[in-house]
Amino acid sequence: MKKWILIAVVVVLLIIVAANSVFTVREDEYACTVRFSKIIDTTSDAGIHTKVPFVDSVKYFSRATQLYDIPPSEVLTSDKQNMTVDCYVLWQIADPLRFYQTLGSTTVAEQRLDALTYNELKTVMGTLAQADIINMDDAYLRNDIYSGIATNVNELAQTYGIHVEDVKIKQFDLPESNLNAVYSRMISERNQIAEKFAADGNYDASIIRNDVDKQVNILISNAQAEAAKLEAEGEAEYMRLLAEAYDSADKRDFYEFTLALDALKQSLTGSEKTVILDGNSTLAQLLSGASVAE
């Protein structure tokens, strides 16, 4: 009986030892074997691995890219204006051994990244005026200004076994005390620009209108002069034709007779058909049947 109890105890101990001598590693993590507070081995190969039972322990660190949202903090621009910057950091553990030796945990790493990023932001923003940050320029121009921040933070973070992929600035804002003053200044500047555009447009429009009015007056004057010329030429031609048509006494008498008939015709319009003529007039003699004196 005692023999079976001993065997059972040995089997249990073997199971415990076997279970304590292996560990598993996922694809998205590092596994560091720690012996007496010192890392003796690091692996990122997924699968089952072995260690010395009861002596070695395993410390796991993520291999995935991590996002740390840095709390908003104030920086000072080159023109001594306070601004609040809100940003985040994309980072990952590149050297787990150095990371464990220098930091030891993600919480401590985020605190260190917070300090490194803030110092770099403070340095860069100290070279820029507030107007360089708050303006209507293309956002890509400001991205060029901030592009070196991630590079500099990454160089500093390599000391801790960290690779910084990017530092993204979510928002630049103003302290509440400066916000209204800056908004008023921006509104005033935009109003001045709008007024300048309106004034330039009105000036150009007046030039165009004056030029058009001048061209219209020239065209009207030329047209009136041409019309007067044509009218004078027509009158001259009319008089010439009359002179040619009635170049004898008989023709002139006939012309005067036709004019008299036309005048009579015009006077006989309407219901009144009575015409009073002088008895000595040629037309009266013709109408009465009397012979016209030669």
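Excluded from the calculations below are hydrogen atoms, water molecules and symmetry mates; all remaining heavy atoms, backbone and side chain alike, are included.
Using a 4.0 Å cut-off between charged nitrogen and carboxylate oxygen, Lys196 and Asp200 count as a salt-bridge pair.
The side-chain heavy atoms of Asp114 and Pro71, taken from C-beta on, include a pair separated by under 4.5 Å. Looking at Cys32 and Thr42, their side chains come closer than 4.5 Å, going by heavy atoms from C-beta outward. A 4.5 Å side-chain heavy-atom check between Val85 and Ile169 finds at least one atom pair inside the cut-off. At a threshold of 4.5 Å between non-hydrogen side-chain atoms, the residues Glu226 and Leu230 count as touching. With a 4.5 Å cut-off on side-chain heavy atoms, His163 and Asn154 count as touching. Proximity of Thr43 to Val25: side-chain heavy atoms (C-beta onward) are separated by under 4.5 Å at one or more points. Residues Ile149 and Leu121 form a side-chain contact, since some pair of their non-hydrogen atoms from C-beta on lies under 4.5 Å apart.
Interatomic distance, CD1 of Ile162 versus CZ of Arg112, reported as 8.5 Å (0.5 Å rounding). Put simply, CD on Gln101 and CG on Asp95 are 8.0 Å apart, with the number rounded to the nearest 0.5 Å. Remark: Leu67 CG to Glu110 CD distance equals 9.0 Å, nearest 0.5 Å. In this structure, the separation between OG1 on Thr117 and CG on Asn152 is 11.0 Å, given to the nearest 0.5 Å. Between the CG atom in Asp86 and the CG atom in Asp69 there is a gap of 6.0 Å [rounded to 0.5 Å]. The line from CZ of Arg98 to CD1 of Ile93 is 13.5 Å long, rounded to the nearest 0.5 Å.
Scanning both residues, Thr24 and Tyr60, for their nearest heavy atoms gives O-OH, 3.0 Å. The two residues Ile39 and Pro96 come nearest to each other via the heavy atoms CD1-O, 4.5 Å. Minimum heavy-atom separation, Asn202 to Arg209: O-NH2, 4.5 Å. In this structure, Glu165 and Thr65 approach most closely via the heavy-atom pair OE2-OG1, 2.8 Å. Among all heavy-atom pairs drawn from Ser44 and Tyr30, the shortest one is CB-CD2, 3.8 Å.
When hydrophobic clusters are built by joining Ile, Leu, Val, Met, Phe, Trp and Tyr residues whose side-chain heavy atoms come closer than 4.5 Å, directly or via intermediates, Val108 is grouped together with Leu113. Under a hydrophobic clustering in which Ile, Leu, Val, Met, Phe, Trp and Tyr are joined whenever their side-chain heavy atoms come within less than 4.5 Å, directly or via other members, Tyr118 and Tyr160 fall into the same cluster. There is no path of hydrophobic side-chain contacts, each under 4.5 Å, that joins Val167 to Tyr88.
Using bins of under 30°, 30° to 60° and over 60° for the plane-to-plane angle, the ring pair Trp91/Phe99 lands in the parallel bin.
Remark: Ile48 CD1 is loosely packed, at most 12 non-hydrogen atoms of other residues, nucleotides or ligands lying under 6.0 Å away. The environment of Gln215 atom CD is dense: over 12 non-hydrogen atoms of other residues, nucleotides or ligands sit within 6.0 angstrom. Within 6.0 Å of the CD atom in Glu237, the count of heavy atoms belonging to other residues, nucleotides or ligands exceeds 12.
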| Val164 vs Val89, side-chain contact (heavy atoms from CB on, under 4.5 Å): CA-CA, chis, key distance, verdict | CA-CA 7 Å; Val164 175; Val89 179; 3.8 Å; yes

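Between the side chain of Asp211 and the main chain of Ile207, no donor-acceptor pair closer than 3.5 Å is present. Side-chain atoms of Ser206 come within 3.5 Å of backbone atoms of Tyr203 as a donor-acceptor pair (strictly under, hydrogens ignored). When atom types are taken as modelled, the side chain of Gln92 and the backbone of Arg63 share a donor-acceptor pair closer than 3.5 angstrom.
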